[in-house]
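One structure below.
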Amino acid sequence: MKTSIATVSISGTLREKLEAIAKAGFDGIEIFEQDFIADTGSPREIGALIRDHGLAITLFQPFRDFEGLTGALRAKAFERARYKFDTMAELGTDLMLVCSSVHPEAVGGIDRAADDFAELGAIAAERGLRVGYEALAWGRHVNDHRDAWEIVRRADHPNVGLILDSFHTLARKINPDTIRRIPNDKIFFVQLADAPQIDMDLLYWSRHFRCMPGEGDLPVTDFMRAVAATGYDGTISLEIFNDQFRGGRPAGLAVDGYRSLVAIMDDVRRMEPDIVATTPDLPSRIRVKGVEFIEFATQAEDSDALAQLLRSMGFHHAGSHRSKQVALWQQGDIRIILNSEKTGFAHSAYLMHGTSICDVGLRVSSAQDTVARALALGAAPFYQPPGPGELDIPAIRSVGGSVLHFIDEDSGLSEVWTVEFEQTDDPANGGAGLYRVDHIAETMVYDEMLSWSLFYTAIFDMSRAPMVDVIDPDGLVRSQAIRSPDAAFRITLNGAETHRTLAGSFLSDNFGGAVQHVALQTADIFDTARRMASLGFRPLPMTGNYYKDLQARFALDPDTLSDMQALNILYDEDANGAFFQFYSQPFAGGLFFEIVQRVDGYDGYGAPNAPFRIAAQKRLLRPKGMPRL
Ligand SMILES: O=C(O)c1ccc(O)c(O)c1
Ligand SMILES: [Mg+2]
């Protein structure tokens with residue numbers, strides 16, 4: 001098995017693409033005609049350049065509108081093919097992709113097409129080349145891999161085979177198990193692409209919305225399993241046409257592509273143990289058991305204000321680091337760390353972003369396995385030498401250069417709170433009933449959302465909920481919730497498209513993506529809100545209109561509703577249960593806390609309330625009466 005990626009999948013010049021693709025770990029590329037036509041090098045020079053990067057040219061494509069023509073048009077198609085074969089010989093590749101015809105003059109007929117391919121196969125064979133036939137989902141007469149296979153079968157030429165592309169099969173909802181009946185020696189090449197489930201014209205969907213396997217909604221794993229079951233052990237290649245990717249960062253896209261391929265082959269290997277995959281073996285997806293800590297990088301007055309805010313939320317200063325300016329604040333199972341060191345990672349994060357969440361600790365069953373899986377999937381390592389008496393806690397880089405640490409029991413890492421921290425005599429103030437982290441919400445530019453959602457779902461045992469639109473008065477923010485099967489770890493990714501949204505202005509103030517808010521869970525939000533009020537907490541004030549609207553939309557009893565209004569508690573329901581939430585006022589450039597109570601099986605995040613919450617936050621952040629220009 002070889003890993004490959006089509007040059008169209010990545011932005012940049014051919015040379016930039018090659019560098020990124022080689023560095024990410026691929027064995028080869030599918031070269032798209034446009035890519036080398038646009039380059040100044042001759043086909044021979046470009047072939048050499050590709051091989052100098054350690055890459056093979058796995059496929060030359062696309063050759064269009066070949067089969068089913070008659071007379072002069074047919075002769076012209078063969079002449080074009082001969083010219084392409086010359087170019088392929090110079091580039092140094094032996095396989096050409098012929099996609100099914102969309103030519104208005106193509107007359108169809110399975111045997112006619114088979115004859116065309118038999119003749120093309122003979123010409124290719126003279127030159128030691130091969131041709132593969134791919135059914136485009138919008139092909140004029142052939143748009144189903146089963147028909148393409150029948151043509152290849154009838155062409156009956158050793159140099160003519162089938163090319164499968166997950167998009168074309170799955171977009172038409174063709175059962176991928178039909179691939180299991182195709183002999184593996186007639187499958188010449190396999191292309192993988194995913195896509196979000198959107199109802200639209202097939203060609204438009206394919207050319208603009210494809211994404212890496214695992215980033216979309218198509219059953220790409222089922223497709224790949226069926227391919228693997230045939231015994232196919234040739235090239236698996238990503239072919240992703242995507243508008244965002246065309247303008248993305250070549251290096252990041254190549255890493256994402258490789259990550260998606262390693263993850264899907266790992267999944268397939270677990271289900272079809274006989275397959276031959278050369279992608280690395282890795283520990284299975286990591287089940288996150290919960291959030292172990294949330295760490296703020298902060299200094300001086302900011303740190304004092306944050307400590308004050310935490311105290312008003314019922315936290316107490318539970319521990320002080322034995323050798324560092326690091327304080328542990330705790331309530332229930334929630335640990336918040338305020339790091340005011342003058343050196344090291346947290347300090348650099350502070351210099352770069354100001355007071356910010358620089359580090360999140362996740363509870364897992366094996367920290368070692370977690371890092372092993374993440375690194376095999378191309379995650380960036382993080383290492384800071386531990387000081388004397390400190391534990392060496394495994395970590396990787398995450399959104400915006402922040403850090404994810406992994407804590408387990410088996411290697412003693414969960415002892416960190418007693419090993420590294422001295423208990424303080426700050427009395428627990430009875431708390432406010434907050435007992436665990438419900439979710440963390442990360443803000444990022446919209447174009448990074450697919451990448452980070454792949455990051456979480458490839459490394460961890462987590463799945464995505466449908467994307468929701470959050471309406472900010474100044475623009476749209478898209479929100480993607482991802483959670484572990486038992487909801488022990490929930491995260492929302494919020495993608496901002498403009499700097500004028502609350503999320504967007506956080507991004508520019510913070511110089512990049514990061515955790516913008518943390519939601520903490522209580523079992524009795526009314527009691528929590530009252531206790532926090534008595535500790536001096538000031539909630540985000542909601543409008544009277546909001547409560548009138550709630551009254552109209554839901555059957556809430558009047559006393560509950562008036563308590564909600566007095567305490568600024570918001571409300572939502574889904575098919576399973578109910579949801580209560582209230583917010584802190586924004587601090588340190590747009591960070592905030594959220595308090596939530598989930599009743600019965602409510603599984604959402606209160607998205608219908610987001611526009612009102614955002615409007616309230618903006619009222620506090622903008623100078624009174626000053627319209628924003
Ligand atoms: O969109 C296209 O035309 C096109 C071309 C070549 C392919 O392999 C493909 O899947 C689509
Ligand atoms: Mg294709």
Side-chain angles (χ1 to χ4, degrees), residues 194 196-197 211 214-217 221 259-260 263 267 284-294 332-334 357 360-365 370 373-374 377 379 396 398-399 402 404-407 434-444 448-470 477-495 503 513-523 572-581 593-610:
D194 202 339
Q197 190 58 60
C211 54
E215 290 181 344
D217 302 320
T221 309
R259 172 172 299 157
S260 74
D267 289 339
S284 55
R285 276 195 176 69
I286 307 301
R287 176 70 69 93
V288 179
K289 298 176 175 176
V291 175
E292 180 79 10
F293 68 84
I294 305 241
D333 199 20
I334 312 162
I357 293 174
V360 170
L362 298 181
R363 207 152 40 235
V364 293
S365 56
T370 309
R373 180 169 175 98
L377 289 164
I396 58 170
S398 172
V399 175
S402 68
L404 277 180
H405 270 98
F406 304 110
I407 300 228
L434 302 178
Y435 68 97
R436 68 183 289 276
V437 173
D438 181 85
H439 66 273
I440 56 183
E442 296 191 310
T443 296
M444 59 196 60
E448 288 185 3
M449 282 182 86
L450 278 181
S451 173
W452 289 111
S453 104
L454 177 67
F455 172 89
Y456 286 111
T457 56
I459 299 174
F460 304 107
D461 181 8
M462 298 181 85
S463 53
R464 289 175 288 127
M467 180 103 81
V468 296
D469 293 337
V470 170
V477 175
R478 283 182 229 242
S479 185
Q480 169 76 75
I482 308 177
R483 70 164 173 78
S484 56
D486 58 359
F489 180 43
R490 293 177 182 266
I491 185 153
T492 62
L493 310 182
N494 300 287
V515 177
Q516 184 170 12
H517 88 259
V518 178
L520 306 173
Q521 209 170 343
T522 169
D572 188 32
E573 284 177 10
D574 67 9
N576 304 314
F579 188 61
F580 297 88
Q581 53 185 167
F593 285 106
E594 176 185 358
I595 310 299
V596 309
Q597 180 185 354
R598 293 179 185 273
V599 181
D600 301 326
Y602 181 91
D603 197 32
Y605 301 82
N609 292 325

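When a residue number appears, it is its place in the shown sequence, counting from 1.
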Work out which heavy atom in [X] is nearest to a heavy atom in [Y]; give both atom names and the distance.
X: I595; Y: L434; value: CG2-CD2, 3.6 Å
X: V399; Y: A514; value: CG1-N, 3.9 Å
X: L377; Y: A458; value: CD1-O, 3.4 Å
X: D574; Y: N576; value: OD1-N, 2.8 Å
X: A607; Y: V468; value: CB-CG2, 4.1 Å
X: A441; Y: T492; value: CB-OG1, 3.2 Å

Apply ring-ring contact (aromatic ring centres under 6.0 Å, His included) to H517 and list each qualifying residue two or more places apart in sequence or on a separate chain.
->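 Counting only residues at least two positions away or on another chain, H517 forms a ring-ring contact (aromatic ring centres under 6.0 Å, His included) with H439, F592.
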Would you please name every residue forming a ring-ring contact (aromatic ring centres under 6.0 Å, His included) with F455, sequence neighbours left out?
->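 W452.
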Any donor-acceptor pair under 3.5 Å from [X] side chain to [Y] backbone:
X: D572; Y: F579; answer: no
X: R490; Y: A481; answer: no
X: D194; Y: D217; answer: yes
X: R285; Y: A263; answer: no
X: R598; Y: G604; answer: yes

[atom1] of [X] to [atom2] of [Y]: how many Å apart, nearest 0.5 Å?
X: T522; Y: Q597; atom1: OG1; atom2: CD; answer: 6.0 Å
X: F489; Y: I440; atom1: CZ; atom2: CD1; answer: 4.5 Å
X: L454; Y: R464; atom1: CG; atom2: CZ; answer: 9.0 Å
X: L450; Y: S260; atom1: CG; atom2: OG; answer: 11.0 Å
X: I482; Y: S463; atom1: CD1; atom2: OG; answer: 9.0 Å
X: L493; Y: M467; atom1: CG; atom2: CE; answer: 9.0 Å

Find out whether [X] and [Y] are in side-chain contact, i.e. whether some heavy atom of one side chain is under 4.5 Å from a heavy atom of the other.
X: D461; Y: I286; answer: no
X: R478; Y: N494; answer: no
X: Y605; Y: V596; answer: no
X: L404; Y: I396; answer: yes
X: I407; Y: V364; answer: no
X: Q521; Y: Y435; answer: yes

Partners passing side-chain hydrogen bond (donor to acceptor under 3.5 Å, both in side chains) against [X] (at least two apart in sequence or in another chain):
X: S402; answer: none
X: S484; answer: D486
X: E442; answer: Y456
X: R483; answer: D603

Any Lys/Arg nitrogen of R436 or D333 sitting under 4.0 Å from an Asp/Glu carboxylate oxygen of the other?
->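 Salt bridge: no.
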So D438 and L520, side chain to side chain contact (heavy atoms under 4.5 Å, CB included) or not? Walk me through it.
-> CA-CA 5 Å; D438 181 85; L520 306 173; over 6 Å; no
